[in-house]
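Just so it is clear, the structure is predicted and the values come from calculations on it, not from any experiment. In what follows, every chain begins at residue 1, and chains take the letters A, B, ... in the order their sequences are listed.
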2 protein chains.
Amino acid sequence: MKNMNLKKITVHDVAKQAGVSTATVSRVINDNDAVSPELKAHVREVINELGYRPNKAAHHLRSGKVKRVGVLFADIRNPFFTSVLAGIENYLHEAGYALILGNSNEDAKIESMQLQAFLDEGVAGIILSSVTNSGAQYQQVLDAGIPILAIDRIPRNLKVDSISIDNVRAAKQAALHLINLGHEKIAFIGGPEHISTAYLRKKGYLEALEEHPDIKPVIELGDFRQSGGYQATRNILAAHNDISAFLVANNLMTLGALQAFNEKRILIPEQIALVGFDDMPWATSLQPPLTVVAQPTYDMGKIAARLLLDRIKNPDSPIQQVTLETELIIRESCGGLRSA
Amino acid sequence: MKNMNLKKITVHDVAKQAGVSTATVSRVINDNDAVSPELKAHVREVINELGYRPNKAAHHLRSGKVKRVGVLFADIRNPFFTSVLAGIENYLHEAGYALILGNSNEDAKIESMQLQAFLDEGVAGIILSSVTNSGAQYQQVLDAGIPILAIDRIPRNLKVDSISIDNVRAAKQAALHLINLGHEKIAFIGGPEHISTAYLRKKGYLEALEEHPDIKPVIELGDFRQSGGYQATRNILAAHNDISAFLVANNLMTLGALQAFNEKRILIPEQIALVGFDDMPWATSLQPPLTVVAQPTYDMGKIAARLLLDRIKNPDSPIQQVTLETELIIRESCGGLRSA
DNA sequence: TTGTAGGCGTTATCAA
DNA sequence: TTGATAACGCCTACAA
């Protein structure tokens, strides 16, 4: 009834009120060319006075420019994602960009639908943790002039900026930690081989063992989810009775392993030493606190967003592959500190 | 060099190729009026043939319609959020809506900036877990004709659709569980009082105690984060030496409490019984597995999205306040099952 | 049932 | 430095 005044205010209203042309208003909005400082100030005043807000759809349509980024993750329910996303969101927000979120749910079909949706919606760039390992299906996005930033999982043969950790080195370091502690039967729970992080972490584990030929690999592959870690752990426990240490290649699978250990009343670290991936909130709340390979998740998100916006501003600069340091945080799940 | 053919295809191209007018093409796109079936089929063929995709910015500008929803959470880093978000994303994606994500980070200033950004960006509706407890600052959004769906935290005095759990009942049930187990010194770790869930859960705890006048409340308020739960637990432990049970009103604070118990080598459930909020992935991986008040987070997200889209389609239907059932999942952190 | 034409709010071109 | 004007791609009276 009383909302008489909610008809949208446009450049025309501002122009009329300020006694200038719409062109001038537009120039002021975009802080563009050389509008005389006095005029600029005056127009700004009128803009505030009227509470004018530019229409982004019209801006987009006319100029072709958008301040909007698509973020497409393979598994939105993994807490690893939450932290990375928070970093991305923080950076984008401060840069005045909107964040469009998608979940491919580890499904290549859905992934390509989501990418298409991003294109339809109009995004200036895309941050992607890809489902598959080959980069072919992303070419049409690139051809449309939309840059992609690959995060965490980096498809082969895709010439785009990327940010990840050194997965081989991280896993190798964790495995060597267990070896140096004297373990000779070390099981590895990995993920689906088509996921680059899974493949590379397994490689790191194997590289560590190659330096110690007397230690034979024991490998079981899960699905990077809790249930998969649980099942893989049970399988290993059933097939071997002499394993003294586990290296688990992902956060949720580590929870699954713990669940299996608890059920069998296996004590950590007395009976089995455990190293997990990702320093998640619960790591310090477990008893014993968990030794983990920590990734700088939040910073990873921030840097990813920064790299992408750089690319958007500068489409022809050389491609960057950023690798972040991981840290092996030694707590008590491999023993040693407990007696201290 | 070779991208000659990436000039955008428009309704005009389709119209020309199909030998019809742009109006007809538009009607076919929107599956609208009565275009003769044959013509419709023919135009559709041409659309596929040319790979035509409607320009959403133009559509939005001209028609005023958008298939885009803003989601604004108070703390994007809380894993509770991840699960709710996944539910929202799933529903929106299937309905052909894009999801714009924002994080207010428990800051009312940022919250209103984000809301303004949503308005500027153009959204058809907003899902909001609000930072403050009073609804005044949301009126301008509502006045702009954009519906809000309040989720989890429901501001007072705001006449909008909402979805939440019965926080009073949930906390009361948890407290009564501890009382029925024979505990007479039960500490409660709550959250900031201006957050509705925090306030209501504390109320539930107090209501339970009112039924047992011999039990005196012991309350410490944290910040809903891990460090807050840790500190609150330490405070209680320092001030009382006869507490036999803890009820912690949020997931991350429960992790903080656990951390404090571990540090002091306090055994759960032998020395202290513990009930937490939210059935998070780690609950079953803890030793002992955690007794919790479980919220249907994923479904909460799905239902939230559905309610909002209903509202968008039907702006004048009566306001709905949906309350979801919680479940007290009894595991082993209050004792009892361990010997089984 | 189909077509014509004007305009959504902005920006870019051109002229003044 | 500023203004008039024509698009951007689409939708929707209105006319046929």
Side-chain angles (χ1 to χ4, degrees), chain A residues 6-47 50-68 96 119-124 144-145, chain B residues 6-47 50-68 96 119-124 144-145:
Chain A
L6 54 63
K7 80 164 193 301
K8 302 285 186 306
I9 293 152
T10 74
V11 272
H12 291 95
D13 302 314
V14 177
K16 187 179 296 175
Q17 176 80 9
V20 298
S21 73
T22 59
T24 297
V25 176
S26 175
R27 291 185 185 110
V28 173
I29 295 166
N30 296 300
D31 200 14
N32 231 1
D33 300 296
V35 181
S36 77
E38 307 84 33
L39 227 198
K40 199 175 246 184
H42 176 229
V43 173
R44 288 228 171 90
E45 258 176 35
V46 175
I47 286 176
L50 297 183
Y52 165 72
R53 306 240 103 206
N55 180 315
K56 295 218 178 186
H59 174 88
H60 182 188
L61 177 59
R62 181 61 237 240
S63 72
K65 292 171 190 162
V66 232
K67 287 194 149 199
R68 205 182 288 156
L119 292 187
D120 289 347
E121 197 66 29
V123 294
Chain B
L6 53 62
K7 78 166 196 301
K8 302 284 187 307
I9 293 152
T10 74
V11 271
H12 291 95
D13 301 314
V14 176
K16 187 177 299 174
Q17 176 78 11
V20 299
S21 73
T22 59
T24 298
V25 177
S26 175
R27 291 185 185 111
V28 172
I29 294 167
N30 297 302
D31 200 13
N32 230 2
D33 302 296
V35 181
S36 77
E38 307 83 33
L39 227 199
K40 203 176 242 183
H42 175 227
V43 173
R44 289 230 170 89
E45 257 176 37
V46 174
I47 286 177
L50 297 183
Y52 166 72
R53 308 238 102 206
N55 178 315
K56 294 218 178 186
H59 174 88
H60 181 191
L61 177 60
R62 179 62 236 244
S63 71
K65 291 171 190 161
V66 235
K67 287 194 146 195
R68 204 182 289 156
L119 292 186
D120 289 348
E121 196 67 30
V123 295

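- Considering only side-chain N and O atoms, B/Ser21 lies nowhere under 4.0 angstrom from the phosphate OP1 or OP2 of C/dT4.
- Comparing the local axis fitted to the first five base pairs of the helix from C/dT1-D/dA16 to C/dA16-D/dT1 with the one fitted to its last five gives a bend of 40°, rounded to 10°.
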Could you pull out all donor-acceptor pairs under 3.5 Å where a side-chain atom in residues 17-25 of chain A meets a protein atom, sequence neighbours excluded?
| from | atom 1 | to | atom 2 | distance (Å) |
| --- | --- | --- | --- | --- |
| A/Gln17 | NE2 | A/Glu49 | OE2 | 3.3 |
| A/Ser21 | OG | A/Ala23 | N | 3.3 |
| A/Ser21 | OG | A/Thr24 | N | 3.3 |
| A/Ser21 | OG | A/Thr24 | OG1 | 3.4 |

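- If you check every strand for non-hydrogen atoms under 4.0 Å, B/Ser26 touches a base.
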Go through the steps to decide whether A/Val11 and A/Ile29 satisfy the test side-chain contact (heavy atoms from CB on, under 4.5 Å), and finish with yes or no.
CA-CA 9 Å; A/Val11 272; A/Ile29 295 166; 4.0 Å; yes
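- Between C/dT1, C/dA12, C/dT10, one nucleotide has an atom nearer to the side chain of A/Val11 than all others, and that is C/dT10.
- A distance of 6.5 Å separates CZ in B/Arg68 from NE2 in B/His60, rounded to the nearest 0.5 Å.
- To the nearest angstrom, P of C/dT2 lies 10 Å from NZ of B/Lys40.
- Considering CG of A/Asn55 and OG1 of A/Thr10, their distance stands at 9.5 Å, rounded to 0.5 Å.
- We find the CD-CG distance between A/Glu45 and A/Leu50 to be 11.5 Å, quoted to the nearest 0.5 Å.
- Rounded to a whole Å, the NE2 atom of B/His12 is 12 Å from the P atom of D/dC11.
- The phosphate of D/dG3 (OP1 or OP2) has a side-chain N or O of A/Thr24 nearer than 4.0 angstrom.
- Contact annotation: B/Thr22 does not reach the phosphate of D/dC11 (side-chain N/O to OP1 or OP2, under 4.0 Å).
- For B/Ser63, taking side-chain heavy atoms from C-beta onward, the closest of the listed nucleotides D/dT2, D/dC11, C/dT2 is D/dC11.
- B/Leu39 has its CG atom 11 Å from the P atom of C/dT1, to the nearest Å.
- Not counting sequence neighbours, the partners of A/Ser26 by the side-chain contact (heavy atoms from CB on, under 4.5 Å) test are A/Asn30.
- Closest approach of A/Lys56 and B/Asp120 over heavy atoms only: CG-O, 3.3 Å.
- Once rounded to the nearest 0.5 Å, the distance linking CD1 of B/Ile9 with OH of B/Tyr52 reads 9.5 Å.
- Spacing between atom CG of A/Asn30 and atom P of C/dT13 amounts to 13 Å, rounded to whole angstrom units.
- The CG-P distance, from B/Asn32 to D/dT12, rounds to 7 Å in whole Å.
- B/Arg62 pairs by the salt bridge (charged side-chain N to carboxylate O under 4.0 Å, His left out) definition with nothing, not counting sequence neighbours.
- Within residues 51-62 of chain B, the residues that place at least one heavy atom under 4.0 Å from DNA chain D are, in residue-number order, B/Tyr52, B/Pro54, B/Asn55, B/Ala58, B/His59, B/Arg62.
- Put simply, CD1 on B/Ile9 is 16 Å from C1' on D/dC8, counting in whole angstrom units.
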Enumerate the protein-to-nucleotides 14-16 of chain D contacts in which both atoms are nitrogen or oxygen and the separation is below 3.5 Å.
none

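- Residues that satisfy the salt bridge (charged side-chain N to carboxylate O under 4.0 Å, His left out) test with B/Lys67, not counting sequence neighbours, are absent from this structure.
- Using a 4.0 Å heavy-atom criterion, one finds that B/Val25 contacts no nucleic acid atom at all.
- A search for side-chain contact (heavy atoms from CB on, under 4.5 Å) contacts involving A/Lys16 returns nothing, not counting sequence neighbours.
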Test salt bridge (Lys or Arg N to Asp or Glu O under 4.0 Å) on A/Lys40 and A/Asp31 and set out the steps.
CA-CA 9 Å; A/Lys40 199 175 246 184; A/Asp31 200 14; 2.9 Å; yes
